[in-house]
Amino acid sequence: MSITEQVQERLQALQQDYGRRLPERVAHIEGLWRDFTRGSAGDPLTTARRLAHTLAGSGATLGYPQVSAAAAELERAFADLIGRGVTSEDAPPEPVGRLVRALSAAAQAPAARTPGSTGTRPLGTRRGVYILDSDAARGAALAEQLDRFGYAARTFDTPAALENAARCAPPAAVVTDAHFPSTGVAAPAIHVSDNADFASRLAAVRAGGQGYLVRPFDIGQLVDLIDAVTGRLLADPLRVLVVDDDESLADYAALVLQRAGMIPQVVTQPTAVLGPLVEFRPDLVLMDLNMPTCDGMEVASVIRQQPEFISVPIVFLSTETEVAAHLSAKRLGADDFLVKPIQPERLVAEVATRAERFRALRNLLVRDGATGLLNHTAVMESLRVEVARALRTQAPMAFVMIDVDHFKRVNDRYGHPIGDRVLKSLARLLQQRFRKTDVLGRFGGEEFCVILPGAEAAVAARIVDEFRSRFAQLRHRAPEGEFGVTFSAGVADVRDQPDAQLLLEAADEALYKAKNAGRNLVVLAG
Amino acid sequence: MELRRVLMVEDEPDIRLVAQLALESIGGYTVRTCASGAEALDAVGEFGPDLVILDVMMPGLDGPTTLGRLRETQAGGNVPVVFMTAKAQPQEIARFRNLGALDVVAKPFDPLTLSEQIRNIWETRP
């Protein structure tokens, strides 16, 4: 039995044990709620909330995702009652009654076949690619190659097996043999086929495929396609800034968006919207139109005054009568009006389409086409923002300039396409090794940079040196044979150079020293 | 430096068992579990972990308080800590980092990928 099978078996045993005790735990919460409504002493409501919280945090891990969801809702309902200081006399039977029944039902439902259906994307994992191929050996060979490019690839020989796995751990992309046109998984699919004819390609398009490769293909082509259909940002949830001075309405909208997989941030003081706008960098602003303290349209105008926010979508939530009055003022900066009350599904759909479109457009503007990293302009802007933040929060921040060694030689000897591939490998490796909070940019040509907020330069230099060593070990392929490439780097600290331009110059100077000292080296500024 | 020894602090027995299984069998780590912050403070010196995974919401000493006490000890002064919590919004994550945590793992977690998450966090630590 393989390790995974052993683990699965033991997980199932733990899951069964958990499932046996679930009804009792739910009954306990029900009992506490009854105690509360009858006015019992001992603060049963707080205890009930804590128990619901615990169930929410454990359900999905033990194979009961519905229990996590239902318990989380119930916890929020309890929290709301506690927050509002509701007493047992005033305690409304709903929504708690309904939520407890839902939790009870979820506790009875048989667990997901594979334990661990969390429905949430784990933080910090390698991007998963699921391969669907009836030829197991072929699939496994492909998985091994993809693994070398830094993807966590898994093979499946039936759509059902793939779908099951995707429930626990959604992949970033699916590579499917054209025999299985639709995989039933909400991830971009790339079709692989022996046929190059139009009919086969059309079938793939109709099945919703985002890429098509004909065998035999070069693994680099597939990796490029996977990168293209997933992209680094697409794997990140959409960020929505919710502006509403009514906190419970704002929280409700945030909850709806969060459950749909987005990252909301709430601002209840419209006058304080600018800070979060810069730091949170939302893909969309969802704003209440009629706020007693500050008119939504005016806030939108203030936002649009700044060049960086001229195109961020602003969607208003308003009542019917307000829409009529404000339609003519749409050019002041609103992109659309959604009428309250709005169904959660509709809210999510409207927000998602606009935010995704904005993000795609923004990517075209700020990302370097070849490597997917931020382009020069965007990275300079990020540097200014990060320097300002570091100075304001008195936190360290390191800036790294990286320059590929003897790049001209690579281009001359192997040709520009190979040279480009080397740069792409460097970019991909940067994306894998650095954290989401670090900013990666292609400064130009063969120059790259990294901004590490919160890191001291000495520590950053150590990380970059480890990275330098890894990159130097990579073998690049060319018809003429395999070869290695190195880079030199300079690292500067914002605490020594508290200004974007000075930081740039210091890192550049350090980079120059590295080149002069023999290359394949990281030098600390100052 | 390779990650070998992990101390898991979690009051819920079900989660403790699953996490231990996941980290030992899939991650191959040497794992010790504690059911409370107080237990963890005793265990750190004895066990010598490379990394501590700390549940945030625990009765008695909660996660952040345990971290604070840990930092005051000789044995636990510098050991990297990862929080485990149901609240994994960017603001919360930033708050936890400011308290001194390396990173945050969201609850409920997927037992099949927990080790990978931890390995990633370890490899990208400053």
Side-chain angles (χ1 to χ4, degrees), chain A residues 3-4 6-8 10-11 14-15 17-18 21 50 53-54 56-62 64-65 68 72 75 114-126 128 152 165 168-169 239 254 258 263-265 280 393 395 398 432-438 452 454-456 459-460 462-463, chain B residues 1 10-28 55-59 62-63 82-94 96-98 100-126:
Chain A
I3 297 245
T4 325
Q6 276 178 4
V7 172
Q8 298 267 32
R10 286 166 68 188
L11 271 177
L14 287 172
Q15 183 184 309
D17 190 56
Y18 182 83
R21 286 179 284 115
R50 186 171 52 79
H53 176 90
T54 309
S58 57
T61 298
L62 272 299
Y64 285 84
S68 269
E75 185 206 346
T114 333
S117 318
T118 60
T120 52
R121 185 169 170 274
L123 298 161
T125 48
R126 274 197 307 167
C168 310
R239 290 186 301 282
Q258 188 174 30
I263 298 186
Q265 184 164 325
F280 182 58
T393 57
Q432 283 170 24
R433 304 302 294 178
F434 286 85
R435 309 171 78 176
K436 276 203 178 170
T437 43
D438 297 329
L452 296 96
E456 301 182 355
V459 168
R462 204 167 30 87
I463 301 176
Chain B
M1 190 182 93
E10 162 67 59
D11 65 302
E12 253 244 284
D14 299 304
I15 303 291
R16 242 189 352 259
L17 287 171
V18 173
Q20 180 161 24
L21 174 63
L23 293 169
E24 275 177 350
S25 305
I26 301 181
D55 184 30
V56 167
M57 271 233 201
M58 291 186 291
D62 69 7
V82 171
F83 276 130
M84 191 173 263
T85 174
K87 303 197 188 293
Q89 291 244 47
Q91 306 101 296
E92 302 288 343
I93 297 180
F96 288 133
R97 287 227 181 95
N98 284 337
L102 187 57
D103 213 322
V104 170
V105 167
K107 255 183 164 179
F109 61 85
D110 177 355
L112 296 178
T113 58
L114 180 64
S115 293
E116 174 107 32
Q117 274 181 264
I118 296 298
R119 183 177 70 92
N120 242 284
I121 293 173
W122 178 259
E123 291 191 351
T124 54
R125 76 195 186 287

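Labels below follow one simple rule: chain letters A, B, ... track the order of the sequence lines, proteins then strands, and each chain is numbered from 1.
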Check your understanding: Is chain B contacted by the side chain of Ser68(A), its backbone, both, or neither, given a heavy-atom distance below 4.5 Å?
Key -> side chain
Point to revise | Atom pair CG/CG of Asp14(B) and Leu14(A) - distance to nearest 0.5 Å | key: 8.0 Å
**Study point:** Proximal component of Arg21(A), with respect to chain B [non-hydrogen, under 4.5 Å]
**Key:** side chain
Check your understanding: How far does CZ of Phe83(B) sit from CG of Asp62(B), to the nearest 0.5 angstrom?
Key -> 8.0 Å
**Study point:** Glu12(B)/Lys107(B) ion pair, N-O < 4.0 Å
**Key:** no
**Study point:** Under 4.5 Å from any heavy atom of chain B - which part of Glu456(A)
**Key:** neither
Practice item. Ignoring hydrogens and angles, tell me if any N or O in the side chain of Arg97(B) forms a donor-acceptor pair with the backbone of Asp103(B) under 3.5 Å. Key: no
**Study point:** Proximal component of Met57(B), with respect to chain A [non-hydrogen, under 4.5 Å]
**Key:** side chain
